[in-house]
2 protein chains.
Amino acid sequence: MTRRFHGQRPTIEDVARQSGVSRSTVSRVINGEPKVRAEVVEQVRQVIAELGYVPNQAARQLVTHRTNAVAVVADQPDGRLFLDPYFDRLLRGIRRELALHGAQAVLLFLDEPDDHARVADYLGGGHVDAAVLFSLHPGGRLHEMIGRLDIPAVFGGRPLLLDGDTVRAHAYVDGDNRGGARQAVRHLVSLGRRHIATVTGPHDQEHSAAERLAGYRDVLPDAPPELAERADYTRQGGTDAMAALLDRRPDLDAVFVASDLMAQGALEALRARGRRVPEDVAVVGFDDLAEIAEATDPPLTTVHQDVGEMGRLMARLLFDRPADLPSVVVPTRLVLRASA
Amino acid sequence: MTRRFHGQRPTIEDVARQSGVSRSTVSRVINGEPKVRAEVVEQVRQVIAELGYVPNQAARQLVTHRTNAVAVVADQPDGRLFLDPYFDRLLRGIRRELALHGAQAVLLFLDEPDDHARVADYLGGGHVDAAVLFSLHPGGRLHEMIGRLDIPAVFGGRPLLLDGDTVRAHAYVDGDNRGGARQAVRHLVSLGRRHIATVTGPHDQEHSAAERLAGYRDVLPDAPPELAERADYTRQGGTDAMAALLDRRPDLDAVFVASDLMAQGALEALRARGRRVPEDVAVVGFDDLAEIAEATDPPLTTVHQDVGEMGRLMARLLFDRPADLPSVVVPTRLVLRASA
DNA sequence: GTGAAAGCGCTAACAT
DNA sequence: ATGTTAGCGCTTTCAC
């Protein structure tokens with residue numbers, strides 16, 4: 001940068017001189033330490049206001065080793081993460097919790113190749129006290145990077161790593177994908193459905209998708225493979241997968257779709273084929289994104305995750321991480337609407 | 001925060017000792033100063049890598065007064081801004097330009113009341129060199145806040161303020177809303193349309209909406225008021241406004257809709273009334289968001305803004321602001337598709 | 001081309 | 001309750 005950005009601001013020394021006390025006393029006033037005479041506090045505050053003094057964070061940070069800022073790093077190959085209402089809520093939870101601790105959340109993005117080095121420098125350079133990390137690159141560079149930086153970090157969503165050991169190294173917060181899937185499928189069973197299919201996420205790439213499929217299999221260990229169709233967590237993927245399932249098994253009478261977005265697509269495929277929901281085919285989704293689940297026709301019975309709470313937990317783990325419980329899995333519950 | 005976050009990291013002193021040179025030399029290597037012997041450079045680099053040394057930004061910042069970080073502050077009352085593909089692209093442009101200058105973009109959100117004080121502290125505390133600001137609160141608190149902090153700032157979108165003078169105080173980058181609207185309406189005129197209506201944004205609240213309406217009036221100064229219907233930049237608003245226009249003026253044969261999202265809604269209203277587009281009614285939108293404009297039926301003729309370029313410009317203004325041109329208006333162009 | 005020394009603005013013992 | 005002192009880790013003259 002060409003310009004000198006910050007003008008000549010007053011320092012703590014200026015305040016001290018103006019108020020006729022020492023730097024230490026001013027520092028005490030600023031940091032709200034008790035042992036200062038009330039009238040001195042008043043006097044110093046006055047001068048601070050007059051001078052428009054603002055403490056230099058760099059100087060403070062140099063000695064305290066603290067910034068009161070926490071980075072939220074999003075490893076997004078494209079705009080996906082950013083446009084995801086799920087992420088929006090997660091971020092809100094994180095910010096809320098950090099605010100409770102007086103910390104500022106700063107969001108960093110990682111999409112171009114050279115972003116990596118810069119973000120690593122930023123994270124390692126002491127700009128922040130800790131980091132919350134979201135990665136859409138399973139086994140990706142983010143995990144590797146954070147391993148070398150020694151700042152406290154927690155992952156949003158269980159990191160799916162090739163190296164099994166490394167998983168342990170990082171704390172994470174995730175929803176109970178497997179348990180939630182079980183709830184969903186058990187519900188369909190309890191409804192008396194006999195041929196329960198599933199539209200899965202990319203279970204070879206995403207941990208959540210693998211777990212949701214595992215939950216389905218937990219309940220239906222004998223379900224034939226042709227009742228499962230893999231999609232990619234997109235709406236169109238849901239439509240295509242549902243169509244494929246109907247082709248293969250016209251007799252199916254229920255489907256567990258591993259995300260609300262895909263379920264929305266699946267409903268379209270069902271309508272296109274003239275199947276009534278839930279009369280002919282019962283549908284259960286996953287995520288409980290209000291924008292989707294309440295807006296579909298019929299409204300979606302789906303597995304709810306308290307995403308805001310997950311965000312809050314991530315932030316909390318940064319502050320007091322229980323020694324023996326580095327990661328947390330948040331429970332889910334089934335929300336009954338009209339689709340099943 | 002309870003824990004000491006940063007462990008004992010190597011300092012420049014450690015690197016110096018290990019490599020048998022002075023701190024100064026190490027500093028020179030780090031900062032890529034030319035006057036260091038190549039073999040020394042090599043040697044020092046080696047040690048830095050071994051030790052995993054990362055410069056302490058606080059210390060550096062204390063002397064250089066620079067952070068190489070720029071804040072992007074989004075004043076979003078709810079999730080709106082965050083979920084906006086427009087904003088996504090803007091942010092990309094900003095990040096790209098900042099990266100060119102070796103600066104890191106950090107995104108801050110402002111939605112809860114107490115966020116304000118914390119963000120102000122963050123911005124004023126020297127964590128960043130400058131700030132790019134987006135506000136959905138016209139005349140809002142963000143403008144006021146930034147006025148007191150003396151860091152360079154540029155606004156995304158012309159700030160709409162009650163106090164006319166304050167507008168001058170802040171640089172901004174905006175699209176040529178008025179000019180773009182003129183292009184759109186002139187195109188409809190050139191098509192031979194006689195009764196050209198317009199669906200406007202909330203022109204009493206948003207500068208862009210007011211300008212787009214002004215552009216319409218520039219071309220059609222004599223258009224009767226009943227040919228203009230105000231909406232709120234939402235899709236549903238576009239549908240309702242279009243319906244209202246058709247009720248009032250069944251003879252309209254063209255409409256300039258002040259955003260693609262509203263135009264999408266308008267197309268639905270037209271279809272519902274059995275009007276063919278463009279045969280019966282020609283439609284022109286504004287923004288050229290590919291997700292929308294290319295996906296509608298028929299695809300939308302619309303006013304294109306180079307949003308990425310706008311983002312890049314904002315960042316650039318931070319670095320070298322021309323003394324006499326504090327703000328920039330980016331030209332638009334009409335993209336012809338099938339709707340007009 | 002490289003080193004020595006000063007100092008950025010602040011906090012944190014340690015005195016008093 | 002307040003002042004003195006010593007750094008925090010880095011860049012930057014200024015010598016050599």
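Note on naming: letters A, B, ... go to the chains in the order of the sequence lines (proteins, then strands), and numbering restarts at 1 for each one.
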Measure from NZ on B:K35 to P on D:dC14 and round the result to the nearest Å.
15 Å
Under 4.0 Å between a side-chain N or O of A:R37 and OP1 or OP2 of D:dT2?
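Yes, such a contact exists.
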Establish, with yes or no, whether the OP1 or OP2 oxygen of D:dC8 is under 4.0 angstrom from a side-chain nitrogen or oxygen of B:N56.
no
Can you tell me which nucleotide in [options] comes closest to the side chain of [X]?
X	options	value
B:V21	C:dG3, C:dG9, C:dT2	C:dG3
B:L62	D:dT2, D:dG9, D:dC10	D:dG9
A:S27	C:dT11, C:dG9, D:dC10	C:dT11
A:R28	D:dT2, D:dC10, D:dC8	D:dT2
A:V63	D:dT2, D:dG7, D:dC10	D:dG7
B:S24	D:dG3, C:dG3, C:dT11	C:dG3

Would you please classify the geometry between the A:F134 ring and the A:F87 ring as parallel, tilted or perpendicular, with 30° and 60° separating the classes?
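Judged by the thresholds at 30° and 60°, the geometry between A:F87 and A:F134 is perpendicular.
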Would you say the side chain of [Y] lies within less than 4.5 Å of the side chain of [X], judging by non-hydrogen atoms?
X	Y	result
B:N56	B:T11	no
A:R60	A:I30	yes
A:Q57	A:T67	no

Mind checking if B:T25 touches a base, just sugar-phosphate, or nothing, with heavy atoms under 4.0 Å?
sugar-phosphate
Under 4.0 angstrom, heavy atoms only, what part of the nucleic acid is B:T11 near: base, sugar-phosphate, or nothing?
sugar-phosphate
Please compare B:V36 and B:A59 by the position of their nearest nucleotide in DNA chain C and report the one closer to 5'.
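Closest to the 5' end, via its nearest nucleotide, is B:V36.
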